[in-house]
Amino acid sequence: MSTYPQPPNPRAYHEIVWEIVRQVPRGVVTTFGQLASMIPAPEGVEAKDYEKLAPRWVGDAMNAVSRIDEPTIPWHRVINSKGGISLPEESVSAAIQRARLRAENLLDQKERVDLDQYGWEGPDAAWLEAHNLRAPKSLRKPPPDDGGQMRLF
DNA sequence: CGTTTGACTACGC
DNA sequence: CGCGTAGCCAAAC
């Protein structure tokens, strides 16, 4: 069954998530996991537990956006690790998200976003540091290991 | 006030 | 590549 605890201060956690989402520029996308990777574990939460919980807390934060109806947050650029929309397919919100992503030319024929191509690289280091956030995990594939081929020399 | 219900992800088949 | 599973709390109804 799907069941999980909440952060010590849900509202505070959500605020941080929203602040980062506001930085995502047009034409690229971020994921729940990537956002979570930038936010340190709240005091009192074991790192091990946090790793599992954080992505869903980010999901809760995005979910809350619809309740608060905050137009300054480009929530449509937040998708799941598979490059897909995580809202119920028939929902109105999902339709809006599809339309907005399509408008930014990010959707492929399978209604998916190619993270390797359009995955966000995160805010610049100075911004992260100013907000006490960690460097994001990359959404793009690691450079292919060419099996020890020599290059330049 | 008791139940229901989660914008997730890594991992194993 | 797609599908199922664990995770075990709290806000919203």
Side-chain angles (χ1 to χ4, degrees), chain A residues 1-123 127-128 131-145:
Chain A
M1 278 285 244
S2 182
T3 169
Y4 59 96
Q6 294 304 122
N9 185 338
R11 185 52 193 266
Y13 195 85
H14 293 176
E15 298 279 5
I16 297 172
V17 173
W18 299 334
E19 196 53 43
I20 303 174
V21 173
R22 279 192 248 263
Q23 311 305 312
V24 184
R26 181 189 169 80
V28 296
V29 294
T30 183
T31 67
F32 301 93
Q34 185 184 44
L35 290 169
S37 75
M38 292 184 242
I39 306 173
E43 198 164 339
V45 179
E46 296 293 326
K48 183 184 172 187
D49 299 322
Y50 183 65
E51 204 177 325
K52 300 178 190 171
L53 297 168
R56 285 196 295 189
W57 288 350
V58 170
D60 289 340
M62 297 318 295
N63 185 33
V65 168
S66 58
R67 297 179 169 288
I68 296 182
D69 192 26
E70 176 51 75
T72 69
I73 301 173
W75 57 267
H76 67 281
R77 301 193 183 115
V78 182
I79 60 182
N80 62 41
S81 63
K82 291 181 282 232
I85 289 172
S86 282
L87 288 159
E89 210 176 314
E90 356 60 77
S91 71
V92 177
S93 307
I96 293 174
Q97 185 166 23
R98 273 193 296 275
R100 291 183 179 172
L101 288 175
R102 199 146 41 218
E104 293 184 24
N105 264 301
L106 297 173
L107 290 186
D108 63 18
Q109 279 196 324
K110 288 181 289 188
E111 306 266 68
R112 295 283 223 49
V113 179
D114 180 2
L115 294 177
D116 200 45
Q117 194 176 166
Y118 302 113
W120 188 33
E121 301 283 26
W127 190 91
L128 286 172
H131 293 260
N132 285 90
L133 297 171
R134 302 164 30 182
K137 71 170 187 182
S138 174
L139 295 179
R140 310 193 179 189
K141 287 177 193 152
D145 188 328

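Within every chain, numbering begins at 1; the chains are lettered A, B, ... in the order of the sequence lines, protein sequences first and strands thereafter.
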Which of B:dA10, C:dC9, B:dA7 is nearest the side chain of A:K137? It is B:dA10
Atom NZ of A:K48 and atom P of C:dA6 are separated, to the nearest Å, by 16 Å
Of the listed B:dA7, B:dT9, C:dC8, the closest approach to the A:Q97 side chain comes from B:dA7
Requested in this report: Decide yes or no, distance alone: a donor-acceptor N/O pair under 3.5 angstrom between the base of B:dG6 and the side-chain of A:R56.
Outcome: no
| query | Do any side-chain nitrogens or oxygens of A:K82 fall under 4.0 Å of OP1 or OP2 in B:dC11? | reply | no
Worksheet entry | Base B:dC8 to side chain A:S86, donor-acceptor N/O within 3.5 Å cut-off | no
Rounded to whole Å, the CG-P distance (A:N9 to C:dA11) equals 10 Å
A:L139 CG to B:dT9 C1', in whole Å, measures 13 Å
Taken to the nearest whole Å, CD/A:E111 to P/B:dA7 is 19 Å
note: A:Y13, atom OH; B:dG6, atom C1'; distance rounded to Å ~ 16 Å
Exercise. Indicate whether any N or O donor in one side chain lies under 3.5 Å from an N or O acceptor in the other, for A:H131 and A:W127.
Key: yes
Rounded to whole Å, the CG-C1' distance (A:L53 to C:dC9) equals 9 Å
Q) Checking A:Q34 side chain against A:W120 main chain: does a donor-acceptor pair fall under 3.5 Å? A) yes
Ranking B:dA7, C:dG7, B:dG6 by distance to the side chain of A:Y4, first place goes to B:dG6
Original post:
What nucleic acid atoms does A:W75 come within less than 4.0 Å of, heavy atoms only: base, sugar-phosphate, or nothing?
Top reply: base
_CD/A:E19: more than 12 non-hydrogen atoms of other groups inside 6.0 Å_ = yes
So, the side chain of A:R56 versus the backbone of A:F32: is there a donor-acceptor pair under 3.5 Å, distance only?
no
N or O in side chain of A:S81 less than 4.0 angstrom from B:dT9 OP1/OP2
yes
Quick note, A:Q6 side chain, CB onward, closest among C:dA10, C:dC8, B:dA7 is C:dA10
When rounded to whole Å, the OH to C1' distance for the pair A:Y50 and C:dG7 reads 16 Å
Discussion item. For A:H76, is there any backbone N or O sitting under 3.5 Å from a side-chain donor or acceptor partner on A:R100?
Written reply: no
Task: Integer angstrom distance from the C1' of C:dA10 to that of B:dA10 - done: 25 Å
Separation of C:dT5 atom C1' from A:K52 atom NZ, nearest Å, is 13 Å
